[in-house]
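Bear in mind that the values here come from a model prediction, so they are computed numbers and not experimental data.
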Amino acid sequence: MDREEYVEAVLQAVESIPPGSVATYGDIAEYVGQGGPRQVGAVMREYGGGVAWWRVIRASGVPADEVGDEQLHLLRADGVRITNGRVNLRQVRWDPEIQEH
DNA sequence: GCCATGACATCCA
DNA sequence: GTGGATGCCATGG
């Protein structure tokens with residue numbers, strides 16, 4: 001799989017996250033089936049501007065230091081419950097299975 | 001090919 | 001919950 005195709009796959013995965021839900025970098029990597037969490041992060045750094053990058057967070061529920069403030073703000077706008085600067089993964093974690101295909 | 005880096009994850013104290 | 005160590009995997013020098 002070319003790097004460009006990988007980028008497309010990642011962006012597509014991010015776009016398929018419904019509003020009010022979030023996914024971890026690991027989830028995206030697993031969904032795409034290639035590379036790992038760090039590669040997803042690398043893609044987001046370069047091409048994340050075109051998608052809902054704020055719906056991608058760490059497994060801990062804490063957003064990346066670089067974008068944390070904006071991200072929490074945007075997530076709250078999407079209807080995501082934020083507690084103590086941390087996302088409640090229990091409730092908003094994206095499940096590819098529950099998608100309305 | 002070796003080494004350093006990074007919007008990460010997991011394990012363990 | 002916190003902090004350090006280790007693993008992972010692609011990219012760039």
Side-chain angles (χ1 to χ4, degrees):
Chain A
M1 180 181 264
D2 294 328
R3 197 165 66 90
E4 192 175 344
E5 288 181 303
Y6 182 70
V7 170
E8 282 295 317
V10 170
L11 295 183
Q12 186 178 331
V14 175
E15 282 183 356
S16 61
I17 304 175
S21 299
V22 300
T24 69
Y25 293 88
D27 287 342
I28 300 298
E30 187 181 358
Y31 180 81
V32 173
Q34 291 281 310
R38 313 196 71 141
Q39 277 53 251
V40 175
V43 171
M44 296 306 294
R45 183 174 50 175
E46 284 199 72
Y47 307 90
V51 295
W53 53 268
W54 59 89
R55 300 199 186 126
V56 184
I57 63 178
R58 291 191 183 186
S60 340
V62 180
D65 302 352
E66 314 293 322
V67 293
D69 197 22
E70 249 335 89
Q71 186 159 20
L72 289 177
H73 184 74
L74 290 166
L75 284 175
R76 198 165 31 171
D78 270 356
V80 176
R81 176 189 284 279
I82 309 292
T83 58
N84 296 16
R86 186 179 326 131
V87 176
N88 190 341
L89 280 174
R90 294 281 277 221
Q91 288 216 328
V92 301
R93 166 98 96 141
W94 174 51
D95 237 329
E97 298 297 318
I98 68 174
Q99 285 232 60
E100 326 253 341
H101 51 292

Tell me, do [X] and [Y] make a side-chain contact under 4.5 Å, heavy atoms counted?
{"X": "W53(A)", "Y": "V67(A)", "value": "yes"}
{"X": "V56(A)", "Y": "T24(A)", "value": "no"}
{"X": "I17(A)", "Y": "I28(A)", "value": "yes"}
{"X": "Y6(A)", "Y": "V32(A)", "value": "yes"}

How long is the span from the [atom1] atom in [X] to the [atom2] atom in [Y], to the nearest 0.5 Å?
{"X": "H73(A)", "Y": "I82(A)", "atom1": "NE2", "atom2": "CD1", "result": "11.5 Å"}
{"X": "W94(A)", "Y": "D27(A)", "atom1": "CH2", "atom2": "CG", "result": "8.0 Å"}
{"X": "Q12(A)", "Y": "Y31(A)", "atom1": "CD", "atom2": "OH", "result": "6.5 Å"}

Kindly say whether [Y] contributes a backbone atom to a donor-acceptor pair with the side chain of [X] at under 3.5 angstrom?
{"X": "Q39(A)", "Y": "Q34(A)", "result": "no"}
{"X": "Q71(A)", "Y": "W54(A)", "result": "yes"}
{"X": "E5(A)", "Y": "D2(A)", "result": "yes"}

Span that lies between the P atom of dC11(B) and that of dC9(C), in whole angstrom: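 It comes out at 15 Å once rounded to the nearest Å.
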Rounded distance in Å between the C1' positions of dG13(C) and dA7(B):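 My reading of the C1' atoms in dG13(C) and dA7(B) gives 22 Å.
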Shortest non-hydrogen separation from A29(A) to G36(A) and the atoms involved: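 Scanning both residues, the minimum pair turns out to be CB-C, 3.6 Å.
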First-last contacting nucleotides on DNA chain C - partner chain A, under 4.0 angstrom, heavy atom: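 Endpoints of the contacted stretch of DNA chain C: dG1(C) to dT11(C).
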Does anything in [range] reach DNA chain B, meaning a heavy atom under 4.0 Å, and if so which residues?
{"range": "residues 52-59 of chain A", "result": "W53(A), R58(A), A59(A)"}
{"range": "residues 38-48 of chain A", "result": "R38(A), Q39(A), G41(A), M44(A), R45(A)"}
{"range": "residues 21-28 of chain A", "result": "T24(A), Y25(A), G26(A)"}

Single-linkage hydrophobic cluster, 4.5 Å side-chain cutoff, V40(A) and V62(A) together: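 Hydrophobic grouping puts V40(A) apart from V62(A).
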Separation of atom CD in E66(A) from atom P in dG6(B), rounded to whole Å: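 To the nearest whole Å, that distance equals 9 Å.
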Atom CG of N88(A): over 12 foreign heavy atoms under 6.0 Å: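 More than 12 heavy atoms, drawn from other residues, nucleotides or ligands, come within 6.0 Å of this atom.
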What's touching nucleotides 2-5 of chain B from the protein side, N or O pairs under 3.5 Å?
none

Qualifying salt bridge (Lys or Arg N to Asp or Glu O under 4.0 Å) pairs, either residue in residues 74-86 of chain A, two or more places apart: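 Residue pairs with at least one partner in residues 74-86 of chain A: R55(A)-D78(A).
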